[in-house]
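To start, the structure under review is shown below, and the notes come after it.
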Amino acid sequence: LPGLHVLTIAFALEVSVGKTNTVTALNNSNVLLPCVFSTCIGFQDLVFTWYFNSTELVAAPAPLPLQIYHGKIKNKATEPTRIWHNPRVEFVGSTTKKDNNISIVLNNVEFSDAGKYTCHVKNPKERNAQHNATIFLTVVHKMVETDNTLTIIILSVVGGLIGLLILFMLIKRVVLFIIKKTQDGKKECLVSSSGNDNTENGLAGSKAEQKAPPKA
């Protein structure tokens, strides 16, 4: 069906920025903004663009234009060519390897660089199908170390309880094993006693029966 064909084409192109869409960077440092794309039918003259706080293909005054990197990829056998970029943005991806990586690095991060970064891809081979993914950048003066003391305490308590439970189960199995062995020993004694020689007591079951008096 024609409609189904168009729907398949529309969802063939996918763009991703990874498992998390948030990045924290230290002021005056360099930060990686990851992005990869995938397509089921390949690509030809694919165009990709990185935007800052916008999805419009327009330029803005310094320090950071809305469009911060614009590139083009002829095919899978070639690396991307740069059409335009912000001087502080460096392309670090590759498309001739396994992943279609179009990641960038933002150098000398400033507090004004915090915001939304959108990785946009357009593939003419898929009837100009387009897709994008967004990552949010936070710029801080100092990285705060996470205090994991409470988590460690909780894990230690839980681990200790599990250890005690396992120890209790082992002790229980040993005790039950000893009891079973003791009971089996008593049964053996009872069986052995029932087969003893009772001649001295004059009871039936003696080993030798008395001979009858000789006939006259």
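Both backbone and side-chain heavy atoms feed into the values below; hydrogens, waters and symmetry mates do not. These numbers come from a predicted model, not from an experiment.
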(request) Look at the side-chain heavy atoms of Ile, Leu, Val, Met, Phe, Trp and Tyr, link any pair under 4.5 Å apart, and say whether L137 and F111 land in one connected group. (result) yes
Residue pairs passing the disulfide bond (SG atoms under 2.5 Å apart) test with at least one member in residues 72-129, sequence neighbours excluded, are C35-C119
Is F91 linked to W50 within one hydrophobic cluster, defined over Ile, Leu, Val, Met, Phe, Trp and Tyr using a side-chain heavy-atom separation of less than 4.5 Å?
yes
Note to self: Around atom NZ of K76, are there more than 12 heavy atoms from other residues, nucleotides or ligands closer than 6.0 Å?
What the structure shows: yes
d(H70 NE2, N86 CG) to nearest 0.5 Å is 14.5 Å
- Does the N123 side chain pair with the main chain of G42, one donor and one acceptor, at a distance under 3.5 Å? yes
When you look at NZ of K72, are more than 12 heavy atoms from neighbouring residues, nucleotides or ligands closer to it than 6.0 Å?
no
The reported gap from CG in N75 to OG1 in T78 (rounded to nearest 0.5 angstrom) is 4.0 Å
Just checking, is any N or O donor in the side chain of S38 or E14 under 3.5 Å from an acceptor N or O on the other one?
-> no
Output for pair (L33 CG, D113 CG), nearest 0.5 Å, gives 9.5 Å
- prompt: Checking side chain to side chain contact (heavy atoms under 4.5 Å, CB included) for the pair L46/F37: CA distance, chi angles, key distance, verdict?
  reply: CA-CA 11 Å; L46 181 143; F37 70 89; 3.7 Å; yes
Contacts of S103 meeting side chain to side chain donor-acceptor pair (under 3.5 Å) (sequence neighbours excluded), chain-then-number -> N101
hydrophobic_cluster_shared for F52 and V47, side chain cutoff 4.5 Å: no
Examine I162 and L170 and state if one hydrophobic cluster contains both, with Ile, Leu, Val, Met, Phe, Trp and Tyr joined whenever side-chain heavy atoms are less than 4.5 Å apart. yes
Between V36 and N100, is there a side-chain heavy-atom distance shorter than 4.5 Å? no
Check your understanding: For I41, does its backbone N or O pair with a side-chain atom of K125 as donor and acceptor, under 3.5 Å?
Key -> yes
Answer whether the closest heavy-atom distance between the side chains of Q44 and K74 falls below 4.5 Å.
-> yes
Item to complete: Check whether the ring centres of F48 and F43 lie less than 6.0 Å apart, and answer yes or no.
Response: no
Review point. Is any side-chain heavy atom of V121 less than 4.5 Å from a side-chain heavy atom of H131?
Key: no
| query | Do V17 and V105 belong to the same hydrophobic cluster, where Ile, Leu, Val, Met, Phe, Trp and Tyr are linked whenever their side-chain heavy atoms lie under 4.5 Å apart, directly or via other members? | reply | no
Rounded to the nearest 0.5 Å, the CG atom of N27 sits from the CG atom of N108 at a distance of 9.5 Å
Exercise. Would you call T138 and F136 a side-chain contact if the rule is heavy atoms closer than 4.5 Å?
Worked result: no
The reported gap from OH in Y69 to CZ in R88 (rounded to nearest 0.5 angstrom) is 15.5 Å
### Task
I would like to know whether Y117 and L106 meet side chain to side chain contact (heavy atoms under 4.5 Å, CB included); could you show each step before the answer?
CA-CA 11 Å; Y117 290 80; L106 180 59; 3.4 Å; yes
Side chains of Q67 and W84: does their closest heavy-atom pair fall under 4.5 Å?
yes
